[in-house]
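If you read the sequence from its start, that first residue is 1, and numbering goes on from there. No hydrogens, no waters, no symmetry mates; every other heavy atom, side chains included, goes into these values. Remember, it's 1-based here, ligands and their atoms both numbered in the order they're listed.
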Amino acid sequence: MNEYDIEMLKNLANLHDIGKIQVDLSVLNKTDILTSEDWNEIKKHPIVGYEIVKEITFLKDNANAVLYHHEREDGLGYPFGIDGKQIPYFAKIISIADSYDAMTTDRPYRKALTPAEAILEIKKNRNRQFDGNLCDKMIEVLNEENQIKL
Ligand SMILES: [Fe+2]
């Protein structure tokens, strides 16, 4: 990836969840099981985020990375359920990085996973949630960073 793309990706990644500003705080901070209404609320955030990011001149051409950051390789993601062939590369990278970050961070409803546990989860989701080649790259980088041999 060239320097321009890396800079583009950093900006998109920083803003990928900006659409959550329109999700009710009571839903975002909820510690018990989410209702289907809560989920419908949460599932809007990629669309709201896309609407915002596409107004930013230097990001608008890649705003679909925000729109599709919760889509999955197997087509079981949201908001559209498109599959890996249709998901833009930036969206795939944001998805796997965001998931690793979420897994290794404490949440109101669960403790953080260790890096080794999170890497195992990424492996399990190879070609399911995540792009297979990106999984391999991600695991390679994380193993180096964490000095883990699996
Ligand atoms: Fe998100």
Please tell me whether D38 and T35 have a donor and an acceptor in their side chains that are separated by less than 3.5 angstrom. yes

Please report the C-alpha distance between R126 and D131 in whole Å, then the side-chain angles of each, then the deciding distance to 0.1 Å, and finally whether the salt bridge (Lys or Arg N to Asp or Glu O under 4.0 Å) criterion is met. CA-CA 6 Å; R126 194 179 188 284; D131 176 281; over 6 Å; no

Is the H45 ring parallel, tilted or perpendicular to the H70 ring (thresholds 30°, 60°)? perpendicular

Closer than 2.8 Å to the Fe ion (ligand 1) - protein N, O or S atoms, ordered by chain and residue number: D17 OD1, H45 NE2, H69 NE2, H70 NE2

Any residue meeting side chain to side chain donor-acceptor pair (under 3.5 Å) with N40, in chain and number order, not counting sequence neighbours: none

Side chain to side chain, I94 and L9, heavy atoms closer than 4.5 Å: yes

Closest contact, heavy atoms only, V66 versus G49: CG1-C, 3.7 Å

